[in-house]
Amino acid sequence: MRKHIVAGNWKMNNDLAQTQTLISELKKQSKTSNAEVMIAPSYTNLWPAFQATREEGEIEVVAQNMHFAENGAYTGEVNASMLKSIGIKTVILGHSERRAYYNETDDSLAKKVDAALANDMRIIFCFGEELQDRKAGNEENIVESQIKNALFHLDASAFKHIILAYEPVWAIGTGETASPEQAQNMHAFIRKTLATKYGDDVANSVSILYGGSVKPNNAKEIFGKPDVDGGLIGGASLKAEDFYAIVNAF
Ligand code: PEP
């Protein structure tokens with residue numbers, strides 16, 4: 001059975017004290033679903049967040065990004081071994097904000113994917129079309145090329161370490177959500193794309209998350225769709241109650 005996963009992407013929010021407060025609020029919530037829970041604080045708060053959650057083990061702390069190089073003159077960057085050295089085992093790659101504001105391309109993402117896998121890290125790989133692509137009816141072509149260009153050089157075995165996150169850019173932080181049917185149609189298309197290249201076993205084993213204005217009031221309907229295995233949550237992950245209402249929507 002595929003894993004259900006709900007991951008909170010905190011983006012550039014929460015200083016140290018706010019991180020500690022939010023984590024203690026999260027720890028007060030009770031989980032009634034079988035979903036794996038992840039949070040992605042900023043780099044500076046990864047270590048304290050890891051320390052604050054490791055005993056209980058219910059919440060995995062993950063990184064929002066990393067560089068592909070092993071070491072070197074990349075001012076301001078963080079690599080996989082640095083993340084691993086503080087206990088971080090999963091990294092989000094390819095978020096649309098990274099693609100839009102920091103020029104992340106399919107090529108650089110393919111390198112990041114390789115570096116993460118070479119370091120035995122799990123990846124949440126994000127992709128999704130922009131509004132103009134959807135208006136032009138081009139969303140499947142865009143999504144297919146984002147997946148193929150960054151991931152299809154991999155062996156089938158690599159997909160044990162990959163979680164996909166479909167995030168239509170027009171739905172991120174806008175309050176506008178893909179309808180459950182739009183999400184299901186795209187997730188089914190993604191699975192079909194994987195099956196064509198790697199076969200049904202791989203396609204049916206990869207968790208595909210939906211991201212884009214998931215809130216407590218719409219999570220149940222979206223997660224109720226057969227090919228939606230969880231969510232990548234931005235805004236609503238910053239409030240413990242809302243986040244756990246989403247976690248418990250399964
Ligand atoms: C995200 O940033 O990945 C995201 C889905 O944000 P939001 O839930 O705020 O739309």
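Every number for a ligand or one of its atoms is a count from 1 in the order of the listing.
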task: Quick one, list the residues around ligand 1 where some non-hydrogen atom comes in under 4.0 Å, by chain and residue number.
output: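 Only N9, K11, H95, E167, A171, I172, G173, G211, G212, S213, L232, I233, G234, G235 have heavy atoms that fall under 4.0 Å of ligand 1, ordered by chain and number.
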field: Residue pairs involving residues 157-172 (criterion side-chain hydrogen bond (donor to acceptor under 3.5 Å, both in side chains); sequence neighbours excluded)
entry: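 Qualifying pairs: H95-E167, E129-Y166, E129-W170, R134-Y166.
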Show me the donor-acceptor pairs, under 3.5 Å and distance only, between side chains in residues 39-51 and residues at least two apart or in other chains.
{"residue": "S42", "atom": "OG", "partner": "T44", "partner atom": "OG1", "Å": "3.4"}
{"residue": "S42", "atom": "OG", "partner": "N45", "partner atom": "ND2", "Å": "3.2"}
{"residue": "Y43", "atom": "OH", "partner": "N65", "partner atom": "O", "Å": "2.7"}
{"residue": "N45", "atom": "ND2", "partner": "N14", "partner atom": "O", "Å": "3.1"}
{"residue": "N45", "atom": "ND2", "partner": "T19", "partner atom": "OG1", "Å": "3.3"}

- prompt: Quick one: do R98 and E104 make a salt bridge, cutoff under 4.0 Å?
  reply: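 Yes, this pair counts.
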- prompt: Got a salt bridge between K192 and D200, using NZ or NE/NH1/NH2 to carboxylate O under 4.0 Å?
  reply: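 D200 and K192: not salt-bridged.
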message: For F159, give me all partners under ring pair (Phe, Tyr, Trp, His ring centres under 6.0 Å), at least two apart in sequence or on another chain.
response: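 Ring pair (Phe, Tyr, Trp, His ring centres under 6.0 Å) check on F159 returns Y198.
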query: Are V61 and I92 grouped together when hydrophobic residues (ILVMFWY) are joined by side-chain heavy atoms under 4.5 angstrom apart?
result: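 No, because V61 and I92 fall into different hydrophobic clusters, even though each may have its own neighbours under 4.5 Å.
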